[in-house]
Amino acid sequence: MRKKIVAGNWKMNLTFDEGRQLLNELRLLRLDDDKVEVIVAPPSLYLSQFSFTNSNTLSLAAQNCHDKPSGAYTGEQSAAMLASLKIGYCILGHSERRSMFHESDEWVADKVMACFAEGVSPILCCGETLAEREAGRHFDVITKQLTTVFKRMDKKQAAYMIIAYEPVWAIGTGVTASSDQAQEMHAFIRSLISTELGREEAEEMRILYGGSVKGSNAKELFDQSDVDGGLVGGASLDFSSFKDIIDAI
Ligand code: PGA
C-alpha cells in the first residue's frame with residue numbers, strides 16, 4: 001500500500017520565528033508512521049536551522065534547487081548542498097517557477113537528475129493552465145511535462161520520485177479540482193508511469209494533488225484511489241488548517 005503524504009509548501013511566507021513555532025507544533029502531533037508522512041518545505045534560508053524536525057513522520061523539503069552541483073550561480077543552491085544538510089526532498093517544476101522563472105521541461109528534468117545523483121527525492125510538479133484545459137489540451141501538457149523527465153530515468157530511480165499534480169487554475173485561487181477531475185488525471189499519470197517506467201513502478205509511486213486543498217475538501221480528494229495525499233500551499237501556513245488536512249488521511 002502506498003503511504004500517504006501531506007506536504008506543506010510555505011513558498012516565500014512566514015518569518016523564522018513563525019516557522020519555528022509552526023514546526024514545533026507539528027512535531028508534537030502523534031502520527032501513524034505506517035499511514036502518513038508529513039513533509040514541510042520552508043524557505044531554504046531556514047533549512048539548516050530546522051533540521052531538528054526530521055523524524056520518521058516529519059521531513060523537510062527544499063522548494064527548488066539548481067541542476068549544477070556547484071559554481072558561479074549567484075543566489076542558487078544545489079542538490080549536493082541539500083544532501084549535505086540531510087534534506088531528503090526537493091519540490092521541482094512548481095508552476096510558479098515554470099511561469100515566473102522560465103523553467104522549461106528540460107531544465108526541470110536536469111534538476112530531477114541532479115537530485116537523484118545526490119540521493120534527494122524530487123517532488124515533481126506538473127499541471128495545466130485554465131486555457132490549456134479549456135482547449136482540451138490538459139492530458140497533452142501533463143504528458144510532455146512528465147515524459148521529458150521519465151525518459152531520462154531508470155526504474156530504480158522511480159522508487160524515490162513523488163509526483164504532484166497541481167492544475168495552475170487551482171493554485172491559490174480557492175477553486176479546487178473536483179475529486180473526479182483529480183482522480184481522472186491521477187489515473188492518467190499512473191498509466192503514463194506504467195508505460196514509461198513499468199507497472200510496478202506505477203503502482204508504487206505516490207501522486208499528490210495540489211491546488212486549494214483545505215480541511216473541507218481534503219478527505220474527498222484523498223479518498224480517490226489514485227490520490228496519495230496533497231501538496232498544500234496557503235493552508236499549510238497555519239497549524240490548525242494544516243492539521244485538519246493531515247487528519248483527513
Ligand atoms: P495552494 O498552493 O494550496 O495555496 O493552492 C498549492 C501549491 O502551490 O503547492
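The basis for the numbers below is simple: all heavy atoms, side chains too, and nothing from hydrogens, waters or symmetry mates. In each ligand, atom 1 is the first atom listed, and ligand 1 is the first ligand listed. We count residues from 1, following the sequence as given.
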Open item on the list: For a quick check: using heavy atoms under 4.0 Å, what are the residues in contact with ligand 1, sorted by chain and number?
Closed with: N9, K11, H94, E166, A170, I171, G172, G211, S212, L231, V232, G233, G234
TODO: Kindly write out the residues that satisfy side-chain contact (heavy atoms from CB on, under 4.5 Å) with N24, not counting sequence neighbours, or none if the list is empty.
DONE: R20, R27, F52
Open item on the list: S216: which residues meet the side-chain contact (heavy atoms from CB on, under 4.5 Å) condition with it, sequence neighbours left out?
Closed with: K214
TODO: Evaluate the side-chain contact (heavy atoms from CB on, under 4.5 Å) criterion for residues K3 and D33: first the C-alpha distance (whole Å), next the side-chain angles of each, then the deciding distance (0.1 Å), finally the verdict.
DONE: CA-CA 9 Å; K3 196 205 266 197; D33 197 7; 3.4 Å; yes
- [ ] Go through the steps for E37 and Y89 under the test side-chain hydrogen bond (donor to acceptor under 3.5 Å, both in side chains), then give the verdict.
- [x] CA-CA 12 Å; E37 178 176 358; Y89 298 94; 2.6 Å; yes
- [ ] State, without any angle test, whether S44 and Q77 hold a side-chain donor-acceptor pair at a distance under 3.5 Å.
- [x] yes
Open item on the list: Show every ring-ring contact (aromatic ring centres under 6.0 Å, His included) that has at least one partner inside residues 226-249, sequence neighbours left out.
Closed with: none
